[in-house]
Novice: 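Below you'll find the structure I mean.
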Protein chains: 2
Amino acid sequence: MQNALRVLEGRWKLVILFQLFGGQVRRFSDLERAIPGISQKMLIQQLRQLESDGVVGRIVHHQVPPKVEYHLTEWGQSLCPALDALLIWAEGAPAELRSRLIQEGPDGDAQKPETSVT
Amino acid sequence: MQNALRVLEGRWKLVILFQLFGGQVRRFSDLERAIPGISQKMLIQQLRQLESDGVVGRIVHHQVPPKVEYHLTEWGQSLCPALDALLIWAEGAPAELRSRLIQEGPDGDAQKPETSVT
DNA sequence: CGGAATCCAAATTGATACTG
DNA sequence: CAGTATCAATTTGGATTCCG
């Protein structure tokens, strides 16, 4: 079980999966454009991992300008309900969050203990 | 939206959340024991992040042997449907995965191109 | 018990440049 | 277009020691 969750680990995995949500087929450059901030390296790396984990499928069209399309595999599709639920959850995010996380990368070993006491 | 997803990023975040699933209240040591492989440092770190992101709540009981309990906040609770869906998804994981991921940590810039061609 | 602090190694990510 | 290659910068993770 932990193993399955590890498939989703990674800075861009979920974001990518959302792009492929519902059976969408997208080209490499489409994804690149659709995901601001991601680098080619990260995009291809995460895609490769998702691919080798069996969540994403890749199809190469040998044309003059190369064309490669990505999509969710069958198992990947079975993730949709979860992605959907996550989407709903994300919408209910506290307004603070929407802006805070942008600047400060996760963590930093910051601390501010006692939150509530009895 | 990307922001909300980042809240769940982290090697142990989801695992911890699953422990708090459904309104469970657990002590620090409970979590430590329930999550094999995690270190105190990681546990406290991830908990603090989840806390500052408003997903997890923390209550300190000033007793002789200290006692601290963690639980999902209201927003955290709203994540349950998603966790549930993930649980279901994870169960349908290909048998291969169940064992593969254990050894090889994610990535490593590994590559094996052409998966399927037209 | 429930951390905090430190040190340090390893993994992940990012920016940039280059290629078939 | 769809990557690959490299290198540097962050992050992450683990082990250990100490504290109220």
Side-chain angles (χ1 to χ4, degrees), chain A residues 2 6-16 25-51 56 58-70 101 103-118, chain B residues 2 6 8-16 25-52 56 58-70 101 103-118:
Chain A
Q2 301 250 104
R6 302 202 61 165
V7 171
L8 305 180
E9 261 177 55
R11 177 76 175 74
W12 308 97
K13 297 278 180 70
L14 286 178
V15 181
I16 291 176
V25 175
R26 323 209 38 174
R27 301 181 55 165
F28 185 84
S29 52
D30 286 338
L31 293 172
E32 199 178 345
R33 250 173 294 102
I35 306 176
I38 195 172
S39 66
Q40 288 193 321
K41 178 188 170 182
M42 278 297 102
L43 179 54
I44 192 65
Q45 182 190 94
Q46 307 270 297
L47 280 171
R48 286 279 146 80
Q49 288 174 25
L50 288 171
E51 189 191 349
V56 163
R58 173 171 178 269
I59 295 183
V60 181
H61 299 277
H62 289 297
Q63 309 178 341
V64 182
K67 179 177 176 182
V68 179
E69 295 182 316
Y70 294 88
L101 293 170
Q103 29 197 19
E104 347 175 32
D107 196 275
D109 276 57
Q111 76 287 57
K112 44 175 178 178
E114 319 307 278
T115 296
S116 59
V117 185
T118 53
Chain B
Q2 300 249 107
R6 300 203 63 164
L8 305 180
E9 260 178 55
R11 179 76 175 74
W12 307 98
K13 298 277 180 70
L14 285 178
V15 182
I16 292 176
V25 176
R26 321 207 42 172
R27 301 181 56 164
F28 184 84
S29 51
D30 286 338
L31 292 172
E32 200 178 345
R33 251 173 292 102
I35 306 176
I38 196 173
S39 65
Q40 287 193 321
K41 178 186 172 183
M42 278 300 102
L43 180 53
I44 193 63
Q45 182 189 93
Q46 307 271 295
L47 280 171
R48 286 279 146 82
Q49 288 174 24
L50 289 171
E51 189 191 350
S52 85
V56 164
R58 174 171 178 267
I59 296 183
V60 181
H61 298 277
H62 289 297
Q63 310 177 340
V64 182
K67 179 176 175 182
V68 179
E69 296 183 314
Y70 294 89
L101 294 171
Q103 29 199 18
E104 349 174 30
D107 194 85
D109 275 60
Q111 77 287 59
K112 43 175 178 179
E114 319 305 277
T115 298
S116 61
V117 185
T118 53

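The model shown is predicted, which means the values in this text are computed figures rather than measured ones. Just so we're on the same page: letters track the sequence lines, and every chain starts at 1.
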Novice: Summarise how protein sits on nucleotides 14-20 of chain D as a single string, 5' to 3': B when a protein heavy atom is under 4.0 Å from the base, S for sugar-phosphate-only contact, - for no contact.
Specialist: BB----B
Novice: Does C/dG2 have its OP1 or OP2 closer than 4.0 Å to a side-chain nitrogen or oxygen of B/Ser29?
Specialist: yes
Novice: Between A/Tyr70 and D/dG3, is there a contact of a side-chain N or O with OP1 or OP2 at under 4.0 Å?
Specialist: yes
Novice: Can you tell if the side chain of B/Ile38 reaches within under 4.5 Å of the side chain of B/Val15, non-hydrogen atoms only?
Specialist: no
Novice: OP1 or OP2 of D/dT4 sitting under 4.0 Å from any side-chain N/O of A/Arg48?
Specialist: yes
Novice: Decide whether B/Tyr70 and B/Arg26 meet the rule of one side-chain donor and one side-chain acceptor closer than 3.5 Å.
Specialist: no
Novice: Does any part of the side chain of B/Gln45, heavy atoms only, come nearer than 4.5 Å to the side chain of B/Arg48, both counted from C-beta?
Specialist: no
Novice: Does OP1 or OP2 of D/dC1 have a side-chain N or O of A/Arg27 closer than 4.0 Å?
Specialist: no
Novice: Does a nitrogen or oxygen in the side chain of A/Arg11 sit under 4.0 Å from OP1 or OP2 of D/dT10?
Specialist: no
Novice: Of all heavy-atom pairs between A/Gln46 and A/Ile16, which one has the smallest distance, and what is that distance?
Specialist: CB-CD1, 3.7 Å
Novice: Hey, does B/Ile44 have a side-chain heavy atom less than 4.5 Å from the side chain of B/Gln40?
Specialist: no
Novice: Less than 4.5 Å apart, any side-chain heavy atom of B/Val68 and any of B/Ile59?
Specialist: no
Novice: Quick one: list whatever passes side-chain hydrogen bond (donor to acceptor under 3.5 Å, both in side chains) with A/Glu69, sequence neighbours left out.
Specialist: A/His61
Novice: Five pairs per end, C1' atoms only: what is the angle between the end axes of the helix from C/dC1-D/dG20 to C/dG20-D/dC1, to 10 degrees?
Specialist: 50°
Novice: Select base, sugar-phosphate, or nothing to describe what B/Gly10 touches, counting heavy atoms under 4.0 Å on all strands.
Specialist: nothing
Novice: Does C/dG2 have OP1 or OP2 under 4.0 Å away from a side-chain N or O of B/Arg58?
Specialist: no
